[in-house]
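Contents: one structure, followed by commentary.
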Amino acid sequence: MIITTSKPFEEVLKELEGQDKVFIVGCGSCATTCETGGEPQVAEMKAKLEAEGKTVTGTVVYEEVCHELNTKRKFRENKEAVEAADGFLVMCCGAGCQSVREATEKEVHPACDTVFLGNILRQGQFVEKCSLCGDCVLEDFGAICPVTRCHKGILNGPCGGTDEGKCETDKEKDCGWTLIYNQLEKLGKLDRFKRIYGLKNWQASMKPGRVIFERKGEGGE
Amino acid sequence: MTLLFDKHAKPSIQEVMESGKFLITGEIGPPKGTDIDEMIHHIDLLKDKVHAMNITDNQSSVMRYPSLGTALIILERGGEPNLQVTCRDRNRLAIEADLLFAYTRGVRSVLCLTGDSVPVGDHKEAKGVFDCESVQLLQIIRNMEEGRDSGGNELQGGVKFYKGAIVTPEADPIEPQMLKFEKKIEAGAQWFQTQAVYDMDNFKRFMERARKINDKVKICAGLVLLTSMGAIRYMNANVPGVFVPDNLVKEMADAPKGEALNTGIRIMARQIRQCIDEKLCDGVHIMAIGKEDVVPKILEEAGVDITKM
Ligand code: SF4
Ligand code: SF4
(Lines give C-alpha, C1' and ligand atoms only; values in the text may rest on other atoms or scores of the structure.)
(Ligands and ions follow the chains in the order given, each with its own letter.)
Protein backbone atom coordinates (compact mmCIF):
# COMPACT_ATOMS: atom_id res chain seq x y z
CA MET A 1 0.00 0.00 0.00
CA ILE A 2 1.31 3.44 -0.99
CA ILE A 3 0.71 5.85 1.86
CA THR A 4 -0.27 9.40 1.02
CA THR A 5 -1.17 12.45 3.07
CA SER A 6 -3.19 15.43 1.83
CA LYS A 7 -1.41 18.65 1.01
CA PRO A 8 -2.90 21.68 2.80
CA PHE A 9 -5.81 23.10 0.82
CA GLU A 10 -4.06 26.49 0.51
CA GLU A 11 -1.16 24.78 -1.23
CA VAL A 12 -3.54 23.05 -3.63
CA LEU A 13 -5.21 26.40 -4.37
CA LYS A 14 -1.84 27.93 -5.11
CA GLU A 15 -1.03 25.12 -7.54
CA LEU A 16 -4.31 25.82 -9.33
CA GLU A 17 -3.73 29.55 -9.77
CA GLY A 18 -4.81 30.53 -13.27
CA GLN A 19 -6.47 27.14 -13.78
CA ASP A 20 -10.16 27.96 -13.57
CA LYS A 21 -11.55 24.71 -14.93
CA VAL A 22 -10.32 21.65 -13.12
CA PHE A 23 -10.84 17.91 -13.56
CA ILE A 24 -10.30 15.86 -10.41
CA VAL A 25 -8.87 12.33 -10.41
CA GLY A 26 -9.14 10.11 -7.31
CA CYS A 27 -7.87 6.58 -6.77
CA GLY A 28 -9.98 3.62 -5.71
CA SER A 29 -6.96 1.74 -4.35
CA CYS A 30 -4.39 3.10 -1.90
CA ALA A 31 -5.66 6.70 -1.72
CA THR A 32 -9.13 5.40 -0.84
CA THR A 33 -7.70 3.42 2.08
CA CYS A 34 -5.63 6.41 3.16
CA GLU A 35 -8.73 8.61 2.86
CA THR A 36 -6.79 11.10 0.76
CA GLY A 37 -8.32 10.46 -2.67
CA GLY A 38 -11.39 8.23 -2.39
CA GLU A 39 -14.96 9.18 -3.40
CA PRO A 40 -15.71 11.21 -0.23
CA GLN A 41 -12.45 13.21 -0.42
CA VAL A 42 -12.94 13.91 -4.13
CA ALA A 43 -16.50 15.14 -3.48
CA GLU A 44 -15.24 17.32 -0.64
CA MET A 45 -12.47 18.76 -2.80
CA LYS A 46 -14.96 19.52 -5.56
CA ALA A 47 -17.17 21.45 -3.16
CA LYS A 48 -14.23 23.39 -1.72
CA LEU A 49 -12.89 24.34 -5.13
CA GLU A 50 -16.33 25.44 -6.28
CA ALA A 51 -16.64 27.58 -3.16
CA GLU A 52 -13.39 29.23 -4.27
CA GLY A 53 -14.96 30.06 -7.65
CA LYS A 54 -13.44 27.20 -9.67
CA THR A 55 -15.39 25.16 -12.17
CA VAL A 56 -14.97 21.43 -11.72
CA THR A 57 -15.55 19.98 -15.19
CA GLY A 58 -15.71 16.43 -13.88
CA THR A 59 -14.41 13.91 -11.39
CA VAL A 60 -13.42 10.28 -11.66
CA VAL A 61 -12.34 7.71 -9.10
CA TYR A 62 -11.08 4.34 -10.29
CA GLU A 63 -8.79 1.52 -9.21
CA GLU A 64 -5.05 1.94 -9.80
CA VAL A 65 -4.54 5.39 -11.24
CA CYS A 66 -0.90 4.24 -11.55
CA HIS A 67 -2.02 1.91 -14.36
CA GLU A 68 -1.22 4.06 -17.38
CA LEU A 69 -3.34 2.25 -19.98
CA ASN A 70 -6.26 2.23 -17.59
CA THR A 71 -5.87 5.94 -16.98
CA LYS A 72 -5.83 6.70 -20.70
CA ARG A 73 -8.98 4.62 -21.10
CA LYS A 74 -10.72 6.51 -18.26
CA PHE A 75 -9.77 9.79 -19.89
CA ARG A 76 -11.29 8.66 -23.17
CA GLU A 77 -14.48 7.66 -21.36
CA ASN A 78 -14.68 11.14 -19.83
CA LYS A 79 -13.60 12.91 -23.00
CA GLU A 80 -15.90 15.92 -22.76
CA ALA A 81 -15.10 16.86 -19.17
CA VAL A 82 -11.41 16.14 -19.72
CA GLU A 83 -11.26 18.39 -22.77
CA ALA A 84 -13.14 21.19 -21.01
CA ALA A 85 -10.54 21.32 -18.19
CA ASP A 86 -7.56 23.69 -17.99
CA GLY A 87 -5.76 21.24 -15.79
CA PHE A 88 -5.99 18.15 -13.56
CA LEU A 89 -5.88 17.75 -9.81
CA VAL A 90 -4.72 14.26 -8.86
CA MET A 91 -5.66 12.98 -5.42
CA CYS A 92 -3.36 9.98 -5.04
CA CYS A 93 0.33 9.08 -5.05
CA GLY A 94 3.10 10.58 -7.16
CA ALA A 95 3.04 7.54 -9.43
CA GLY A 96 -0.68 8.04 -10.11
CA CYS A 97 -0.09 11.71 -10.70
CA GLN A 98 2.53 10.96 -13.35
CA SER A 99 0.29 8.33 -14.87
CA VAL A 100 -2.24 11.12 -15.44
CA ARG A 101 0.56 13.22 -16.92
CA GLU A 102 1.03 10.53 -19.59
CA ALA A 103 -2.65 10.82 -20.50
CA THR A 104 -2.76 14.58 -21.13
CA GLU A 105 -0.73 17.45 -22.46
CA LYS A 106 -2.32 19.85 -19.97
CA GLU A 107 -1.06 20.82 -16.53
CA VAL A 108 -1.26 18.15 -13.82
CA HIS A 109 -1.20 19.04 -10.10
CA PRO A 110 -0.61 16.79 -7.08
CA ALA A 111 -3.04 17.07 -4.17
CA CYS A 112 -1.11 14.65 -1.95
CA ASP A 113 2.34 13.98 -0.58
CA THR A 114 3.48 10.40 -1.09
CA VAL A 115 5.23 9.26 2.07
CA PHE A 116 6.06 5.57 2.00
CA LEU A 117 5.18 2.02 1.14
CA GLY A 118 3.21 1.14 4.23
CA ASN A 119 1.62 -1.63 6.20
CA ILE A 120 -1.87 -1.07 7.52
CA LEU A 121 -2.07 -1.49 11.31
CA ARG A 122 -5.74 -0.57 11.45
CA GLN A 123 -7.93 2.07 9.83
CA GLY A 124 -5.92 5.28 9.54
CA GLN A 125 -2.71 3.80 10.99
CA PHE A 126 0.20 3.00 8.72
CA VAL A 127 3.85 2.13 9.28
CA GLU A 128 6.79 1.69 6.97
CA LYS A 129 8.45 -1.72 6.96
CA CYS A 130 10.06 -1.94 3.52
CA SER A 131 11.76 0.79 1.53
CA LEU A 132 12.12 -1.10 -1.76
CA CYS A 133 15.91 -1.45 -1.75
CA GLY A 134 15.96 -3.99 -4.56
CA ASP A 135 18.20 -6.45 -2.73
CA CYS A 136 16.12 -8.00 0.02
CA VAL A 137 18.02 -9.08 3.11
CA LEU A 138 15.03 -10.04 5.27
CA GLU A 139 16.15 -13.67 5.30
CA ASP A 140 19.17 -12.80 7.40
CA PHE A 141 17.40 -10.66 9.97
CA GLY A 142 14.46 -12.69 11.20
CA ALA A 143 12.21 -11.04 8.60
CA ILE A 144 12.61 -7.60 10.17
CA CYS A 145 14.11 -5.09 7.77
CA PRO A 146 17.19 -3.23 9.08
CA VAL A 147 17.28 -1.01 6.01
CA THR A 148 13.89 0.44 6.86
CA ARG A 149 13.12 -0.16 10.50
CA CYS A 150 16.44 1.21 11.70
CA HIS A 151 16.46 4.96 11.06
CA LYS A 152 20.03 4.79 9.78
CA GLY A 153 19.47 1.62 7.77
CA ILE A 154 22.63 0.04 9.18
CA LEU A 155 23.38 -3.66 8.83
CA ASN A 156 25.65 -4.74 11.68
CA GLY A 157 23.74 -4.07 14.87
CA PRO A 158 22.40 -1.11 16.82
CA CYS A 159 24.02 2.30 17.02
CA GLY A 160 24.80 3.71 20.45
CA GLY A 161 21.56 5.66 20.59
CA THR A 162 19.12 2.88 21.47
CA ASP A 163 17.29 3.74 24.66
CA GLU A 164 14.98 1.27 26.36
CA GLY A 165 14.54 -0.35 22.98
CA LYS A 166 13.46 2.89 21.33
CA CYS A 167 15.20 4.81 18.53
CA GLU A 168 17.34 7.85 19.27
CA THR A 169 15.34 9.83 16.73
CA ASP A 170 11.92 9.26 18.25
CA LYS A 171 10.89 7.71 21.57
CA GLU A 172 7.62 6.61 19.94
CA LYS A 173 9.45 4.39 17.47
CA ASP A 174 10.94 1.00 18.23
CA CYS A 175 14.66 0.61 17.58
CA GLY A 176 14.68 -1.75 14.61
CA TRP A 177 17.86 -3.37 15.83
CA THR A 178 16.36 -4.20 19.22
CA LEU A 179 13.48 -5.89 17.38
CA ILE A 180 15.91 -7.83 15.20
CA TYR A 181 17.98 -8.91 18.18
CA ASN A 182 14.92 -10.10 20.10
CA GLN A 183 13.57 -11.98 17.11
CA LEU A 184 16.85 -13.73 16.25
CA GLU A 185 17.31 -14.66 19.88
CA LYS A 186 13.81 -16.12 19.98
CA LEU A 187 14.57 -18.14 16.85
CA GLY A 188 17.89 -19.30 18.28
CA LYS A 189 19.66 -17.66 15.33
CA LEU A 190 21.93 -15.10 16.96
CA ASP A 191 24.76 -16.41 14.77
CA ARG A 192 23.16 -14.33 12.02
CA PHE A 193 23.50 -11.26 14.20
CA LYS A 194 27.15 -12.06 14.76
CA ARG A 195 27.93 -12.34 11.08
CA ILE A 196 29.54 -9.24 9.58
CA TYR A 197 27.58 -7.76 6.69
CA GLY A 198 29.72 -6.15 4.05
CA LEU A 199 28.77 -3.03 2.16
CA LYS A 200 25.27 -3.12 0.72
CA ASN A 201 24.57 -2.71 -2.96
CA TRP A 202 22.49 0.47 -2.94
CA GLN A 203 22.28 0.38 -6.73
CA ALA A 204 20.48 -2.96 -6.90
CA SER A 205 17.36 -1.16 -8.03
CA MET A 206 18.97 1.66 -9.92
CA LYS A 207 16.83 4.77 -10.19
CA PRO A 208 14.62 5.07 -12.13
CA GLY A 209 13.63 1.44 -11.63
CA ARG A 210 12.57 -0.60 -14.61
CA VAL A 211 11.44 -4.23 -14.78
CA ILE A 212 10.28 -5.88 -18.00
CA PHE A 213 9.20 -9.50 -17.69
CA GLU A 214 9.62 -11.70 -20.68
CA ARG A 215 6.24 -13.12 -21.58
CA LYS A 216 5.86 -16.85 -21.99
CA GLY A 217 5.40 -17.92 -25.58
CA GLU A 218 6.83 -14.72 -26.97
CA GLY A 219 10.35 -14.38 -28.31
CA GLY A 220 13.14 -16.57 -26.96
CA GLU A 221 12.05 -20.16 -27.35
CA MET B 1 56.60 7.26 -1.11
CA THR B 2 56.80 10.92 -0.15
CA LEU B 3 54.62 11.74 2.78
CA LEU B 4 53.95 15.42 3.15
CA PHE B 5 54.27 14.92 6.85
CA ASP B 6 56.77 12.68 8.52
CA LYS B 7 57.92 14.36 11.69
CA HIS B 8 55.61 13.66 14.56
CA ALA B 9 56.23 15.59 17.73
CA LYS B 10 54.52 12.96 19.85
CA PRO B 11 54.39 9.19 19.98
CA SER B 12 51.35 7.67 18.32
CA ILE B 13 48.43 6.31 20.31
CA GLN B 14 49.47 2.84 19.25
CA GLU B 15 52.99 3.37 20.58
CA VAL B 16 51.66 4.63 23.91
CA MET B 17 49.26 1.70 24.18
CA GLU B 18 51.79 -0.91 23.22
CA SER B 19 54.32 0.42 25.70
CA GLY B 20 51.77 -0.50 28.35
CA LYS B 21 51.14 3.06 29.48
CA PHE B 22 47.75 4.28 30.64
CA LEU B 23 46.41 6.38 27.76
CA ILE B 24 45.02 9.84 28.44
CA THR B 25 43.14 11.50 25.60
CA GLY B 26 41.25 14.76 25.41
CA GLU B 27 38.81 16.10 22.88
CA ILE B 28 38.63 19.11 20.59
CA GLY B 29 35.22 20.24 19.36
CA PRO B 30 35.80 22.42 16.29
CA PRO B 31 33.92 25.74 16.17
CA LYS B 32 30.98 26.65 13.99
CA GLY B 33 32.76 29.06 11.71
CA THR B 34 36.25 30.15 10.82
CA ASP B 35 37.10 31.78 14.12
CA ILE B 36 39.51 29.08 15.24
CA ASP B 37 41.54 31.08 17.78
CA GLU B 38 39.89 29.53 20.82
CA MET B 39 40.27 26.03 19.37
CA ILE B 40 43.96 26.62 18.77
CA HIS B 41 44.26 27.88 22.32
CA HIS B 42 42.69 24.63 23.55
CA ILE B 43 44.99 22.55 21.35
CA ASP B 44 48.05 24.35 22.71
CA LEU B 45 46.77 23.94 26.24
CA LEU B 46 46.21 20.19 25.87
CA LYS B 47 48.92 18.99 23.51
CA ASP B 48 51.49 18.29 26.21
CA LYS B 49 48.99 17.28 28.90
CA VAL B 50 47.30 14.41 27.04
CA HIS B 51 48.68 11.74 24.74
CA ALA B 52 46.26 12.59 21.95
CA MET B 53 43.19 14.63 21.12
CA ASN B 54 40.02 13.35 19.47
CA ILE B 55 38.49 15.66 16.94
CA THR B 56 34.75 15.33 16.65
CA ASP B 57 33.22 15.04 13.18
CA ASN B 58 30.20 17.37 12.93
CA GLN B 59 29.36 16.27 16.47
CA SER B 60 25.68 15.67 17.23
CA SER B 61 24.98 16.31 13.53
CA VAL B 62 25.81 20.00 13.97
CA MET B 63 27.83 21.41 11.06
CA ARG B 64 31.26 22.63 12.15
CA TYR B 65 34.84 23.21 11.08
CA PRO B 66 35.99 19.82 9.73
CA SER B 67 37.61 17.12 11.82
CA LEU B 68 40.25 16.38 9.19
CA GLY B 69 41.31 20.03 8.97
CA THR B 70 41.51 20.19 12.73
CA ALA B 71 43.64 17.04 12.83
CA LEU B 72 46.17 18.77 10.59
CA ILE B 73 46.17 21.83 12.84
CA ILE B 74 46.86 19.61 15.85
CA LEU B 75 49.82 18.06 14.04
CA GLU B 76 51.12 21.51 13.07
CA ARG B 77 50.93 22.60 16.68
CA GLY B 78 52.88 19.56 17.82
CA GLY B 79 50.04 17.47 19.21
CA GLU B 80 48.73 14.03 18.28
CA PRO B 81 45.27 13.75 16.68
CA ASN B 82 42.75 10.95 16.88
CA LEU B 83 40.60 11.53 13.82
CA GLN B 84 36.91 10.77 14.29
CA VAL B 85 35.21 9.65 11.09
CA THR B 86 31.45 9.20 10.92
CA CYS B 87 29.39 7.67 8.13
CA ARG B 88 26.55 10.17 8.31
CA ASP B 89 27.81 12.85 5.93
CA ARG B 90 29.99 11.00 3.44
CA ASN B 91 29.54 7.95 1.29
CA ARG B 92 32.23 5.29 0.86
CA LEU B 93 33.96 7.23 -1.94
CA ALA B 94 34.29 10.41 0.09
CA ILE B 95 35.44 8.58 3.22
CA GLU B 96 38.11 6.63 1.35
CA ALA B 97 39.42 9.79 -0.34
CA ASP B 98 39.59 11.57 3.03
CA LEU B 99 41.49 8.64 4.51
CA LEU B 100 44.06 8.70 1.72
CA PHE B 101 44.61 12.39 2.39
CA ALA B 102 44.73 11.94 6.16
CA TYR B 103 47.37 9.26 5.86
CA THR B 104 49.65 11.33 3.64
CA ARG B 105 49.40 14.20 6.09
CA GLY B 106 50.46 12.25 9.15
CA VAL B 107 47.20 11.13 10.75
CA ARG B 108 47.93 7.80 12.40
CA SER B 109 44.80 6.92 14.26
CA VAL B 110 41.17 6.91 13.20
CA LEU B 111 38.11 6.43 15.35
CA CYS B 112 35.32 4.81 13.36
CA LEU B 113 31.75 5.81 14.18
CA THR B 114 28.38 5.43 12.50
CA GLY B 115 27.37 8.96 13.50
CA ASP B 116 24.28 10.44 15.12
CA SER B 117 21.10 10.70 13.11
CA VAL B 118 20.57 13.88 11.10
CA PRO B 119 17.41 15.13 12.86
CA VAL B 120 19.19 15.52 16.23
CA GLY B 121 21.39 18.26 14.73
CA ASP B 122 21.06 21.68 13.15
CA HIS B 123 20.60 20.71 9.50
CA LYS B 124 17.42 18.80 10.11
CA GLU B 125 16.34 18.52 6.48
CA ALA B 126 19.66 17.14 5.21
CA LYS B 127 19.95 13.67 3.74
CA GLY B 128 21.65 11.21 6.09
CA VAL B 129 24.14 9.19 4.07
CA PHE B 130 24.88 5.99 6.07
CA ASP B 131 26.17 4.29 2.94
CA CYS B 132 28.25 2.28 5.40
CA GLU B 133 28.43 2.11 9.20
CA SER B 134 31.12 1.67 11.84
CA VAL B 135 31.77 -2.06 11.31
CA GLN B 136 31.94 -1.68 7.55
CA LEU B 137 34.13 1.42 7.93
CA LEU B 138 36.62 -0.67 9.90
CA GLN B 139 36.56 -3.19 7.07
CA ILE B 140 37.05 -0.47 4.47
CA ILE B 141 40.19 0.69 6.28
CA ARG B 142 41.49 -2.84 6.59
CA ASN B 143 41.04 -3.32 2.85
CA MET B 144 42.80 -0.04 2.16
CA GLU B 145 45.65 -1.21 4.35
CA GLU B 146 45.85 -4.24 2.13
CA GLY B 147 45.98 -1.96 -0.90
CA ARG B 148 42.38 -2.04 -2.13
CA ASP B 149 39.48 0.36 -2.05
CA SER B 150 35.98 -0.89 -1.33
CA GLY B 151 35.29 -1.22 -5.04
CA GLY B 152 38.02 -3.86 -5.08
CA ASN B 153 40.38 -1.65 -7.09
CA GLU B 154 44.08 -1.58 -6.40
CA LEU B 155 45.45 1.52 -4.68
CA GLN B 156 48.70 3.16 -5.66
CA GLY B 157 49.86 3.29 -2.09
CA GLY B 158 47.62 2.24 0.78
CA VAL B 159 47.15 3.52 4.31
CA LYS B 160 47.98 2.40 7.81
CA PHE B 161 45.99 3.49 10.82
CA TYR B 162 45.55 2.48 14.42
CA LYS B 163 41.89 1.63 14.15
CA GLY B 164 39.62 2.67 16.97
CA ALA B 165 35.91 2.24 17.60
CA ILE B 166 33.39 3.09 20.26
CA VAL B 167 31.12 1.07 22.48
CA THR B 168 28.24 2.21 24.68
CA PRO B 169 28.39 0.62 28.15
CA GLU B 170 25.08 2.19 29.19
CA ALA B 171 23.12 1.06 26.14
CA ASP B 172 19.75 -0.45 26.89
CA PRO B 173 19.50 -3.30 26.01
CA ILE B 174 23.21 -4.12 26.39
CA GLU B 175 23.36 -7.57 24.72
CA PRO B 176 23.17 -6.44 21.08
CA GLN B 177 25.70 -3.70 21.92
CA MET B 178 28.17 -6.32 23.15
CA LEU B 179 27.64 -8.44 20.04
CA LYS B 180 28.43 -5.39 17.94
CA PHE B 181 31.54 -4.75 20.05
CA GLU B 182 32.64 -8.26 19.13
CA LYS B 183 31.96 -7.62 15.45
CA LYS B 184 34.00 -4.42 15.54
CA ILE B 185 36.98 -6.36 16.85
CA GLU B 186 36.51 -8.96 14.15
CA ALA B 187 36.36 -6.16 11.56
CA GLY B 188 39.70 -4.82 12.73
CA ALA B 189 39.16 -2.52 15.74
CA GLN B 190 42.36 -2.45 17.81
CA TRP B 191 41.15 -0.19 20.57
CA PHE B 192 37.98 1.32 21.97
CA GLN B 193 36.85 4.49 23.59
CA THR B 194 33.56 4.14 25.42
CA GLN B 195 30.66 6.54 25.27
CA ALA B 196 30.21 8.49 28.49
CA VAL B 197 30.30 6.46 31.67
CA TYR B 198 29.41 7.95 35.05
CA ASP B 199 28.41 4.97 37.10
CA MET B 200 31.69 3.22 37.87
CA ASP B 201 29.97 0.08 39.16
CA ASN B 202 28.12 -0.23 35.90
CA PHE B 203 31.39 0.39 34.06
CA LYS B 204 33.07 -2.42 36.01
CA ARG B 205 30.28 -4.79 35.03
CA PHE B 206 30.69 -3.70 31.43
CA MET B 207 34.45 -4.30 31.56
CA GLU B 208 33.91 -7.80 32.91
CA ARG B 209 31.63 -8.57 29.97
CA ALA B 210 34.04 -6.98 27.50
CA ARG B 211 37.05 -8.84 28.87
CA LYS B 212 35.18 -12.11 28.58
CA ILE B 213 34.67 -11.38 24.89
CA ASN B 214 38.26 -10.24 24.30
CA ASP B 215 40.96 -9.65 26.88
CA LYS B 216 43.52 -8.13 24.54
CA VAL B 217 41.73 -5.26 22.86
CA LYS B 218 42.45 -1.91 24.54
CA ILE B 219 39.55 -0.10 26.15
CA CYS B 220 39.50 3.50 27.40
CA ALA B 221 36.71 4.85 29.59
CA GLY B 222 34.93 7.90 28.19
CA LEU B 223 34.42 10.46 30.95
CA VAL B 224 32.30 13.59 30.55
CA LEU B 225 32.85 16.57 32.81
CA LEU B 226 29.79 17.46 34.89
CA THR B 227 29.52 21.24 34.91
CA SER B 228 26.15 22.09 36.45
CA MET B 229 22.84 20.63 37.54
CA GLY B 230 21.25 22.04 34.39
CA ALA B 231 23.71 20.10 32.26
CA ILE B 232 22.97 16.89 34.16
CA ARG B 233 19.22 17.29 33.77
CA TYR B 234 19.74 17.94 30.06
CA MET B 235 22.00 14.92 29.58
CA ASN B 236 19.78 12.52 31.50
CA ALA B 237 16.77 13.60 29.46
CA ASN B 238 18.32 14.06 26.03
CA VAL B 239 21.60 12.29 25.46
CA PRO B 240 21.11 8.70 24.31
CA GLY B 241 23.05 6.11 26.30
CA VAL B 242 23.92 8.53 29.12
CA PHE B 243 22.76 8.13 32.67
CA VAL B 244 24.17 10.15 35.58
CA PRO B 245 23.59 8.11 38.76
CA ASP B 246 21.86 9.51 41.86
CA ASN B 247 24.96 9.69 44.05
CA LEU B 248 26.71 11.99 41.57
CA VAL B 249 23.58 14.05 41.05
CA LYS B 250 23.45 14.51 44.82
CA GLU B 251 27.11 15.43 45.02
CA MET B 252 26.62 18.07 42.35
CA ALA B 253 23.38 19.34 43.94
CA ASP B 254 25.06 19.67 47.34
CA ALA B 255 27.90 21.77 45.91
CA PRO B 256 27.97 25.30 47.39
CA LYS B 257 26.99 28.11 45.04
CA GLY B 258 29.66 28.73 42.42
CA GLU B 259 31.35 25.41 43.19
CA ALA B 260 29.52 23.17 40.69
CA LEU B 261 32.35 23.12 38.14
CA ASN B 262 34.96 22.45 40.82
CA THR B 263 32.83 19.59 42.09
CA GLY B 264 32.63 18.19 38.56
CA ILE B 265 36.41 18.45 38.27
CA ARG B 266 36.81 16.60 41.57
CA ILE B 267 34.43 13.85 40.49
CA MET B 268 36.29 13.27 37.23
CA ALA B 269 39.70 13.35 38.92
CA ARG B 270 38.42 10.69 41.33
CA GLN B 271 37.11 8.55 38.44
CA ILE B 272 40.44 8.78 36.61
CA ARG B 273 42.28 7.76 39.78
CA GLN B 274 39.92 4.83 40.26
CA CYS B 275 40.46 3.64 36.68
CA ILE B 276 44.22 3.73 37.18
CA ASP B 277 44.44 2.39 40.73
CA GLU B 278 41.96 -0.44 40.21
CA LYS B 279 43.35 -1.15 36.71
CA LEU B 280 39.81 -1.02 35.37
CA CYS B 281 40.80 -0.19 31.80
CA ASP B 282 43.66 0.86 29.51
CA GLY B 283 43.08 4.58 29.52
CA VAL B 284 40.58 7.39 29.85
CA HIS B 285 39.10 9.75 27.30
CA ILE B 286 38.24 13.13 28.80
CA MET B 287 35.33 14.99 27.28
CA ALA B 288 35.23 18.45 28.79
CA ILE B 289 32.73 19.73 26.19
CA GLY B 290 33.65 23.42 25.92
CA LYS B 291 35.54 23.52 29.22
CA GLU B 292 38.87 22.30 27.83
CA ASP B 293 40.52 25.04 29.94
CA VAL B 294 40.06 22.94 33.06
CA VAL B 295 41.51 19.68 31.73
CA PRO B 296 45.01 20.44 33.11
CA LYS B 297 43.38 21.04 36.49
CA ILE B 298 41.50 17.74 36.34
CA LEU B 299 44.73 15.88 35.58
CA GLU B 300 46.56 17.71 38.33
CA GLU B 301 43.87 16.79 40.88
CA ALA B 302 44.03 13.19 39.68
CA GLY B 303 47.79 13.29 40.11
CA VAL B 304 48.35 12.34 36.49
CA ASP B 305 51.33 13.65 34.53
CA ILE B 306 51.87 11.94 31.20
CA THR B 307 55.52 13.01 31.10
CA LYS B 308 56.13 10.96 34.24
CA MET B 309 54.07 7.89 33.39
S1 SF4 C 1 15.71 -5.46 2.65
FE2 SF4 C 1 15.06 -4.08 0.99
S3 SF4 C 1 13.44 -5.16 -0.13
FE4 SF4 C 1 13.76 -6.27 1.82
S5 SF4 C 1 12.23 -5.40 3.21
FE6 SF4 C 1 14.11 -4.20 3.47
S7 SF4 C 1 13.94 -2.49 2.06
FE8 SF4 C 1 12.40 -4.00 1.46
S1 SF4 D 1 18.43 3.65 17.79
FE2 SF4 D 1 18.11 1.69 16.71
S3 SF4 D 1 16.70 2.19 15.03
FE4 SF4 D 1 17.47 4.12 15.78
S5 SF4 D 1 19.21 4.56 14.47
FE6 SF4 D 1 20.05 3.49 16.26
S7 SF4 D 1 20.06 1.33 15.72
FE8 SF4 D 1 18.78 2.37 14.21
Side-chain angles (χ1 to χ4, degrees), chain A residues 113 131 133 135 137 140-142 144-204 207, chain B residues 60-61 86-88 91-92 113-121 124 128-140 143 149-152 165-188 194-196 222 237-243:
Chain A
D113 287 310
S131 43
C133 77
D135 175 24
V137 296
D140 293 325
F141 300 101
I144 296 171
C145 173
V147 177
T148 310
R149 301 183 72 184
C150 160
H151 171 79
K152 295 172 191 168
I154 54 179
L155 295 176
N156 280 300
C159 74
T162 327
D163 193 21
E164 290 171 9
K166 299 293 173 186
C167 177
E168 69 176 29
T169 58
D170 187 342
K171 289 189 168 54
E172 298 292 310
K173 290 183 182 168
D174 289 329
C175 163
W177 268 104
T178 304
L179 299 176
I180 292 171
Y181 175 81
N182 291 341
Q183 179 65 7
L184 289 178
E185 192 190 30
K186 221 182 293 166
L187 296 174
K189 296 212 157 135
L190 277 180
D191 53 310
R192 295 193 180 182
F193 193 114
K194 289 181 190 156
R195 209 187 297 160
I196 292 181
Y197 281 84
L199 293 164
K200 186 161 167 60
N201 176 9
W202 298 114
Q203 300 292 354
K207 263 189 202 174
Chain B
S60 306
S61 308
T86 72
C87 304
R88 178 194 53 239
N91 67 5
R92 60 189 90 166
L113 302 98
T114 295
D116 291 321
S117 57
V118 171
V120 305
K124 293 187 186 303
V129 178
F130 303 111
D131 178 24
C132 50
E133 46 72 71
S134 52
V135 176
Q136 293 161 342
L137 175 54
L138 286 158
Q139 280 190 319
I140 286 176
N143 283 335
D149 67 14
S150 67
I166 59 163
V167 57
T168 308
E170 314 248 358
D172 174 17
I174 187 72
E175 293 81 6
Q177 188 66 214
M178 298 313 292
L179 287 177
K180 191 162 186 182
F181 167 75
E182 204 174 340
K183 285 170 89 161
K184 287 180 178 180
I185 298 170
E186 199 186 328
T194 75
Q195 291 281 46
N238 296 302
V239 183
V242 164
F243 167 73

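What you are looking at is a predicted structure, and each value in this text was computed from that prediction instead of being measured. Throughout, a chain's letter reflects where its sequence line sits, starting with A, and its residues are numbered from 1.
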What's the spacing between A/N156 CG and B/T114 OG1 if we round to 0.5 Å? 9.0 Å

Verify, without hydrogens or angle tests, whether B/Q136 (side chain) and A/Y197 (backbone) share a donor-acceptor contact under 3.5 angstrom. yes

NZ-CD distance between A/K194 and B/E186, expressed to the nearest 0.5 angstrom: 10.5 Å

For the pair B/K183 (side chain) and A/F193 (backbone), establish whether a donor and an acceptor sit closer than 3.5 Å, ignoring hydrogens and angles. yes

So which part of B/P119 gets closer than 4.5 Å to some heavy atom of chain A, the side chain, the backbone, both or neither? side chain

Closest approach of A/L155 and B/E133, non-hydrogen atoms and distance? N-CG, 4.1 Å

Closest non-hydrogen atom pair, B/S117 against A/H151: CB-CD2, 3.4 Å

Derivation of the side-chain contact (heavy atoms from CB on, under 4.5 Å) call for B/F130 and A/K200: CA-CA 11 Å; B/F130 303 111; A/K200 186 161 167 60; over 6 Å; no

More than 12 heavy atoms of other residues, nucleotides or ligands under 6.0 Å from NZ of B/K124: is that the case? yes

Side chain, backbone, both or neither: which part of B/Q139 has an atom under 4.5 Å from a heavy atom of chain A? side chain

To the closest 0.5 Å, what do you measure between NZ (B/K180) and CD1 (A/I154)? 4.0 Å

Could you grab the distance from atom SG of A/C159 to atom CG of B/D116, nearest 0.5 Å is fine? 7.5 Å

Residue pair A/T162 / B/P173: nearest heavy atoms and the distance that separates them: CG2-CD, 4.3 Å

Looking at B/I166, B/V129, B/V135, which one has more heavy-atom pairs under 4.5 Å with chain A than the rest? B/V135

Is it the side chain or the backbone of B/I140 that comes within 4.5 Å of chain A heavy atoms, both, or neither? side chain

Interchain contact, A/K166 with chain B, by part (heavy-atom threshold 4.5 Å): neither

Nearest 0.5 angstrom please: B/D131 CG to A/L199 CG, how far? 6.5 Å

How many angstroms lie between CG in A/D191 and CG in B/L179, if you round to the nearest 0.5 Å? 11.0 Å

Which bit of B/R88 comes within less than 4.5 Å of chain A, counting heavy atoms only: side chain, backbone, both or neither? neither

